[in-house]
Amino acid sequence: MKACYPTRIAVALALLGLTATVQAHDAAPGAYAQREPAPSRLEVEDFGLPIGFSVKKMDRRADPRKNFQRYAAGHWLDVARIPADALRISPLDQMAQRVEIQVGDVLDKAARSSATAPKGSPLQQVGDLYAAAMDEKRLSELGVEPLKPEFDRIDALQEARDVAAISARFTFVTDESLILAAGVAPDYQDRTRYAVYVTDGELGLANPAIYTSPEGARIRAAYEQSIADTLVIAGNSLEVARKTAAVVLAVETRIARLRQNPVEARDPAKRYARMSYADLKAMTPSFDWDAYFRASGVALPREVVAMESAAMRERDALLRELPLADQKAHMKWEFLRRSTPYLSPEFDRPALALTRAIYGDAVVQPARHKIVAGQLTRKIGQPLSRLYVEEYFSPQAKRETEAMVALVRAQLRGRIERNAWLAPETRARALDKLDRMQIAVGYPATWIDYSSVDVRPGDYFGSITRINEFRTRRNFAKLGEPVREDTFSDPRATLPIIVNAAYDSGRNGIDIPAAFLQPPMYDPKADPAVNYCAMGAVIGHELTHGFDSSGRLYDAVGNASNWWTATDEKHFVAEAGKLVRHADAYEVLPGLRANGALAVGENLADVGGLNLGHDALRAHLGKHPHENRRIDGLTQDQRCFIAWGQVWASKENEGYLRQVTATDPHPPGNYRALAPAQQVPAFYKAFGIRPGDPMWLAPSERVAIW
Ligand SMILES: [Zn+2]
């Protein structure tokens with residue numbers, strides 16, 4: 001689960017189900033190139049260096065035994081600059097910039113040809129939506145007029161008990177959870193069937209700690225101000241706006257105290273509570289669940305799975321305790337903040353002010369077309385991706401990546417078979433899980449069919465609302481059907497236009513999106529070391545997620561179940577503990593240490609990934625000995641670790657680093673660029689690193705799991 005670049009206040013979307021995705025890399029937080037006026041003439045800012053592997057990025061005066069990061073990517077680190085409208089720069093962010101330009105071309109072309117495209121086709125829908133969103137003049141003229149029918153419904157509320165029916169309506173029109181809400185996803189304990197999940201609405205700030213910590217005071221104040229400013233733009237008096245902002249902050253602070261922290265939320269035993277429908281009603285007596293399900297057109301469930309039970313109880317208590325006028329003001333705000341992205345661009349102003357409070361004053365507003373591209377990615381990601389794949393993805397990239405997947409998978413199989421510490425029964429289950437892992441490259445075998453959605457020219461908010469209704473109806477319609485999961489459909493992790501790859505423990509599957517198969521991850525012209533220790537290591541990383549601290553708690557079909565013997569589990573936890581301690585000792589900023597417990601899954605996956613990428617490289621060179629040669633004076637093994645170090649080199653904004661360390665299971669880039677190599681024996685051999693060298697980590701401190 002990831003916070004992307006918060007151009008809006010709502011930095012986290014409510015997510016039902018088990019997409020506890022574990023990502024090699026998240027969608028870059030808004031690092032984009034300008035592309036005015038003609039997209040085709042614009043290029044990614046490359047600092048005079050290739051985006052992919054290059055010895056020119058190295059600092060060859062540095063000693064790899066003393067400072068491997070400088071040796072591998074020192075020159076790049078010297079010349080790279082964080083763009084004004086971004087929070088971080090890395091070769092993967094540059095790759096995301098290139099994809100952004102490609103997607104921009106797709107959008108421009110669609111907008112030019114949508115008038116003649118068949119109604120309901122991806123070209124018509126994407127083109128008309130994009131053109132409507134780019135018509136800023138019309139959006140400004142409309143103001144909050146499109147919200148009036150929903151505001152009227154809220155005004156007509158007679159008592160708190162009626163909130164449930166309105167909440168159901170908001171589930172449809174926003175495709176998000178407000179107040180309390182339900183959704184359908186595969187049952188986490190039986191992946192052959194769907195379950196009804198119930199949860200409370202997401203908070204406006206991604207990090208719950210900000211609501212209560214003394215250090216959060218400055219951001220809290222900025223948040224309250226941004227709420228008030230947004231309400232004023234929406235037509236409220238300053239007095240009403242300020243009063244409502246205070247109510248919203250008070251409500252969210254009560255909820256935030258009871259929310260799970262990011263470490264707890266990764267444990268399925270803590271995150272999901274199965275209960276009977278009667279128990280749900282007893283747990284949240286003031287919320288009329290019967291009315292909620294009736295209004296949703298869903299039969300009353302016999303049982304549900306509750307996420308965030310403590311926060312749900314608190315929402316219910318608020319229904320009893322808050323005066324009705326405050327409830328209405330709060331609900332209007334909840335609806336407004338989810339709607340502003342699709343209304344007048346004036347609403348960008350308070351959102352930007354909040355973003356600056358979190359990430360620093362240097363952040364500038366991204367250009368309109370970039371903001372819109374992000375919105376379309378979230379709302380009609382698959383139709384947009386279809387157009388992208390037709391234009392930019394080659395069958396060769398798909399074929400070669402699939403071959404790499406097979407070779408890397410074989411290395412993990414070998415490691416599990418040879419592993420001395422696993423009991424035979426745990427080993428058999430691990431092999432079964434690996435063999436049944438579904439790995440898909442590029443795009444889905446079947447695209448989601450959006451053709452029935454009425455996307456109208458010149459109607460941005462209305463079209464988005466109809467898309468939301470379609471998605472929610474489609475979600476509820478799954479109940480009672482056999483489980484058929486949508487692959488390549490997560491807008492933050494797996495859409496074919498997302499620079500990322502992701503393992504989903506809930507279905508034991510990996511999606512490797514088309515957009516990821518470009519330099520620096522994969523280059524059909526590169527030597528094997530470069531591809532195996534970038535893309536190959538990412539494949540290994542995703543495979544390892546099936547067996548990391550969180551992934552190992554799910555079985556071969558994705559059910560949450562512990563298939564480990566007690567002894568094996570003890571050994572695993574002890575080994576993983578080494579990695580927790582290693583990260584805890586790493587200084588991200590002066591006085592700020594990395595979050596070893598939160599990042600242990602990702603760190604295990606990086607170690608496994610680099611081990612497996614390197615193993616696969618050796619296997620490949622064994623079959624193709626003529627490719628095992630020095631290039632630029634460097635051996636294949638040396639190039640392998642340098643390629644890894646270059647892919648993960650990054651420069652990050654301080655506010656971003658603090659946010660990532662507190663909430664993100666992915667460690668900062670510069671930790672990723674070095675730490676995993678220190679766990680791999682071949683790294684020491686490749687560069688002659690010996691005990692006493694600053695890069696040396698004693699074998700007893702190295703993690704040895706996969
Ligand atoms: Zn990962």
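Residue numbers run from 1 in the order of the sequence given. Both ligands and their constituent atoms are indexed starting at 1 by order of listing.
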- Could you tell me whether any N, O or S atom belonging to H545 is less than 2.8 Å from the Zn ion (ligand 1)? yes

- Residues that E701 engages under salt bridge (Lys or Arg N to Asp or Glu O under 4.0 Å), provided they are two or more places apart: none

- Begin with the C-alpha distance, continue with both residues' side-chain angles, and end with the deciding distance and a verdict on ring-ring contact (aromatic ring centres under 6.0 Å, His included) for H614 and Y532. CA-CA 7 Å; H614 180 261; Y532 276 101; over 10 Å; no

- Task: Indicate if the distance from the Zn ion (ligand 1) to the nearest N, O or S atom of D606 falls below 2.8 Å.
- Result: no

- Identify whether NZ of Lys or CZ of Arg in R552 sits under 6.0 Å from the centre of the six-membered ring of F572 and within 45° of that ring's axis. yes

- Taking just the N, O or S atoms of E602, which one is nearest to the Zn ion (ligand 1)? OE1

- Message: Checking side-chain polar atoms at under 3.5 Å, does Y671 have a donor or acceptor matched by the opposite partner on H666?
- Response: no

